[in-house]
Structures are given as structure tokens and as C-alpha cells.
There are 2 protein chains.
Amino acid sequence: MLKRERQAFILKQINLHNRVLSSDLSTEMQVSEDTIRRDLLELSNTDKLIKVHGGALSKSFHSSFLREDIYQLDAKKMIANKALNLIKDGMFVLTSGGTTIIELARILPVELKATFFTGSIPAAYEYAKHPNIEVIFIGDKISKGSQITVGGEAIMKINSIKPDLCLLGVNAIDLTNGVTDNDWDVVQVKKAMVEAASKTAVLTITEKMNTCQKLKICEINQVAYLITEMDHQADLFKAYANTGIEIL
Amino acid sequence: MLKRERQAFILKQINLHNRVLSSDLSTEMQVSEDTIRRDLLELSNTDKLIKVHGGALSKSFHSSFLREDIYQLDAKKMIANKALNLIKDGMFVLTSGGTTIIELARILPVELKATFFTGSIPAAYEYAKHPNIEVIFIGDKISKGSQITVGGEAIMKINSIKPDLCLLGVNAIDLTNGVTDNDWDVVQVKKAMVEAASKTAVLTITEKMNTCQKLKICEINQVAYLITEMDHQADLFKAYANTGIEIL
DNA sequence: CATTTTTTTGCATTTTTTTGCTTGTTTATA
DNA sequence: TATAAACAAGCAAAAAAATGCAAAAAAATG
């Protein structure tokens, strides 16, 4: 393993877990702890991380997109991990934005080769870091609130593709109203995404389940997978499973 | 094995595995490591890969970590400040990517109301933070090395707009060859940008002046403004000013 | 075709970088 | 305070890089 690769790996671990132990890194990468220490020293000298006794911590403002104040980060990480199972080599994946999707973008395994379409700036930013993923950005006007592109151009572009999978971070889902949201522009885009994709997976923390907002994105039966942080056998999901949705 | 073949093989390996070792290449192609080193040096000089101790890494790999340390940041801030003078309320501005443009994006005054078009992820991210700026993202495939969109869709989109001003961060400019760059895809997009805009401003640190790369973006006389960190009366600019370019 | 020039390549030598190890010191914490 | 872990500094071996040089190959020239 080359020195630069090692340092890249360390930074990735730091961005993923916010902290690393020298001993872990040493065994993971099969080099002596001295080497790790020297790497950490270099990275800390260039302000890439904060070196502490035994390892290193992430510089809170190091990443362009702050993660400190993400609501229910652990739950979202868990969701992202489950969602990984749906993504296979060679797939064309269309994704929305949102913090859950961004967590997913961060943990995509390096060996994965796939093509990702998105209109989300932070998501595209994360995808673009990945060595083997081709990223197609769906351009148009950027909605300030959500950092994703909205508008006719974007929708036309989405209509012109046929991805295998759509990963949708959503704000509200319930049995009778389906997937809903409050932002008109965003709803138009997400609608188009669900229509375009062969299958749609909905990612949400359970807190948002059985809630409803003003505008409909799609019906429950258009959703193939529901991914939350809870065990898929929980009672909460019974009624959803009955509609044919696969709970992960 | 011919030199050209060898270098093509190296690039193929880089695209395949994101990394190569000089020693591997040496045995695989039955040439001395010196030769490999010289090949890697050449490829690195034309920005095809990142040369590191022991081998080389793919550009996309590199972009995934060492981004925070911006070269000549102070100079770039100064350039950004000068460029501000060109941007007026109500303008439609088309911008490339690059660290200088991103500095500019960061210091746009809050009162400014304008519409910005860009294909650069980090630039769009900065523009989107601004309260009064409308951001239109030019979508297409994202080039890993430079974090900007490239390709036919992007170029078509650029051709369909008529911005007042194009702000171009460039890597090389000289009197006889004009504005040049090394990345074919990026050159296509920048070409389209210059063609589309009423006026083009070139932003560059003086270090890159009077240097030349392999592919032409535009002639000197297509540039309306040249913005560097140095005083506009410096001798360095005399010849440029004579061609009618306004030096800021 | 002969000859000059340029490019390419490998080799020897020196220099630099990287890495693991040892030794003695510091630090965290039970 | 005791103790194990982590650290810093220096050292040495190995790997890689830079440098200069010369032979071979290729290209250009008359």
C-alpha cells in the first residue's frame, strides 16, 4: 500500500467514524504503528485531522458539509448500511438528496462500480469522491432550501433515463397518503424520479413514518422497499408489509 | 513495446485499479524502473495521473482527499476581490470551477442579486449558500479530476444561454497560444463557455501566465479581462494590454 | 544512402524517502 | 501511584528517486 493511499484511507475512516485508533489502522493496513503515527502527524500538520493520544479525531469543520448537527445520525447510518444491499455492480441508480442519502454516498464500498444520477449537490460531491462510480448530475435551478436541482429541465432529464433503482430520502410516509412532502418543486422532481425508475426504495427514520405532508409524491404501492433504522420485523411495519412493500 | 503503448497501458491500469506500482509495471512490461519513472513523470506533467513515491494514483483518487490545502490562497483571494468589480446586479454570470472561482463565490456580497450558471459542484455549493443569487447548475457527467460537469449535454446547455459574463479560472495562458489546458473534456466545456458569453474574464495566478498546455480553449483576443493578483501596471502585462485585453 | 541529430533506454552513482526497530520518556487511567 | 499503552528521537536497512552518462535506436537531413 502506498503512503498516499494509506493517508487517503485514514481520512476516509475519519470522515466516516469521526475518530480512528492508531492500533486499528495499524492492523487494518498491516504497517507498524510508527508509520501510522507518522501519517497522522503529517495529516495533522496539514490540518486534515486532529491528532490525539492513541489516534486522531476529525476536524469538525474539515468536511465541507457539516455532519455534527445531523439529526439522528446513527439511525441514518444504519439505514444507509441496509440500503447498500440493494446496490449491485453495474447498476444505474437515481438518488434524491437528504442527509440519509449522503450517509449512503459516504459508505459506498470502493470496489463498487455503478452509475449514479442525482440532482443533489452534496450527494454528487460525495459520489464524485468515489473512484469507480460514474456520476451524472441532473442540472437545473438549485433550490436553496434543499440543495437539489428542481424545474422542468431536471424533470425532462429524469424522464429520459431508466435507472434500475431510485433511492429516495423522504420526509413523510403513511399508508393512506403514500409518500408526501411540503416543497412543491421538490415534489415534482421526486415524482419524476419514482416514475422513471424500475424500482423505488424509500429511506426514512421511523420518526417520519405514519406522518403526512401536503403534497403527494407517490402512492404506497409504487414503493418497492422501505428502509428504516428499526428491525424489519417490528410491528410498525406489519401493515406496510401487507401492501407488498419489502421492509429492510 | 513502444513508449506510446507503454503509457497507454499505464493509463489503462490506472483507470482499472486506481493505482499502479512502478515495480509492477517494470516487470509487466519488461523495461527498467527508470523508464517507468520517466513515463509516469510525463503522464503526471500532462495531468493524466498523480505521481507518488512508489508509483502513481488516478486523478479521481487524489481528488478524494487533498483538497483543503489551496495553493497560493492569498493570491486567489486577491484575484477574487478584483473580479467582484465585474459583477453587477441583475447580471447572468457563467463560471467555470477551480479554486479561484470558489474563493470568488465565497466573497460575493450579500446584497448582490444575480444569476449564476456553473457546472462546478463546489462552486454551485458556495453560490447556493448566498441568499440572493439564483443558481443554475449545468448538468452532465462529472469529471472526477476537476469536479465539474463535462460532455455534450453540458455543452448544449451552455450553447443555449447568453450570459453577460464568463468567469474562467485557467491553468495556462500565453500570448501566442491563448488560453490552454490539458484535459480534453474540460477544454470542450470551457470553449463553449467562452463562445456563449458576451465577455470573458480570465482569472489566474501570475505563475500560470506565459505557460502553455496542449489543448486550446480560446485565442487571446477572445478574452476581455485578465485578472491576476499583481498590480495591473506590472511589466508582465504590457504585451497583453497591447492586444486590447483589460488588465485588472 | 550516409551521416548527423535527436530520442529513448539502461546503468552506475548519489541522494532522498520510507519504514521498522530500539531506547528512553510521557501519558492515561485503573 | 502503578502500569500498560502511546510517544518521540534516533538509527539503519531497504526502496525509490534523481542525476549524469553512454549505447542503441529512430528520425531527420543533405
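- Shown are A:Arg37, A:Lys3, A:Lys48; of these, the side-chain hydrogen bond (donor to acceptor under 3.5 Å, both in side chains) with A:Glu42 is made only by A:Lys3.
- Few gaps surround NZ on B:Lys216; more than 12 heavy atoms of other groups in view lie less than 6.0 Å from it.
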How does each nucleotide of nucleotides 17-24 of chain C score, in 5' to 3' order, for protein heavy atoms under 4.0 Å: base (B), sugar-phosphate only (S), or none (-)? SSBBBB--
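- The closest side-chain heavy-atom distance from B:Glu195 to B:Ile158 is not below 4.5 Å.
- Here the side chain of A:Ser22 pairs a donor or acceptor atom with the backbone of A:Gly54 at under 3.5 angstrom.
- At least one side-chain heavy atom of B:Ile36 sits under 4.5 Å from a side-chain heavy atom of B:Val31.
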For residues 79-94 of chain A, which side-chain N or O atoms pair as donor and acceptor with protein atoms under 3.5 Å away, sequence neighbours left out?
residue: A:Asn81; atom: ND2; partner: A:Lys77; partner atom: O; Å: 3.3
residue: A:Lys82; atom: NZ; partner: A:Thr228; partner atom: O; Å: 2.9
residue: A:Lys82; atom: NZ; partner: A:Met230; partner atom: O; Å: 2.6
residue: A:Lys82; atom: NZ; partner: A:Leu248; partner atom: O; Å: 3.2
residue: A:Asn85; atom: ND2; partner: A:Lys82; partner atom: O; Å: 3.2
residue: A:Lys88; atom: NZ; partner: A:Asn85; partner atom: O; Å: 2.9
residue: A:Asp89; atom: OD1; partner: A:Lys113; partner atom: N; Å: 3.2

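- B:Thr211 is not listed as a side-chain neighbour of B:Thr180, based on a closest heavy-atom distance of 4.5 Å or more.
- Scanning residues 8-19 of chain B for heavy-atom distances under 4.0 Å to DNA chain C yields an empty list.
- By the 4.5 Å heavy-atom criterion applied to side chains, A:Glu134 and B:Lys141 are counted as neighbours.
- The stretch residues 21-29 of chain B has no heavy atom under 4.0 Å from DNA chain C, so no residue of it qualifies as close.
- At its two ends the helix from C:dC1-D:dG30 to C:dA30-D:dT1 runs along axes set 40° apart, each axis drawn from five pairs and the angle rounded to 10°.
- Across B:Phe137 and B:Ala124, no two heavy atoms sit closer than the pair CD1-CB, 3.4 Å.
- Running 5' to 3' along DNA chain D, contacts with non-hydrogen atoms of chain B at under 4.0 Å begin and end at D:dA16 to D:dT19.
- By the 4.5 Å heavy-atom criterion applied to side chains, B:Ile101 and B:Thr118 are not counted as neighbours.
- Applying side chain to side chain contact (heavy atoms under 4.5 Å, CB included) to B:Leu104 and the options B:Thr99, B:Leu167, B:Thr95 leaves one that passes, B:Leu167.
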Are A:Ser23 and A:Ser26 close enough, and set up right, to give a side chain to side chain donor-acceptor pair (under 3.5 Å), and what steps lead you there? CA-CA 5 Å; A:Ser23 54; A:Ser26 166; over 6 Å; no
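- Both A:Gly54 and B:Lys51 sit near DNA chain D, but only A:Gly54 has its closest nucleotide nearer the 5' end.
- The distance between the ring centers of B:Tyr125 and A:Tyr125 does not fall below 6.0 angstrom.
- At distances below 3.5 Å, not a single donor-acceptor pair connects side-chain atoms of B:Glu126 with backbone N or O atoms of B:Glu103.
- Contact annotation: the side chain of A:Tyr127 approaches that of A:Leu108 to within less than 4.5 Å [non-hydrogen atoms, C-beta and beyond].
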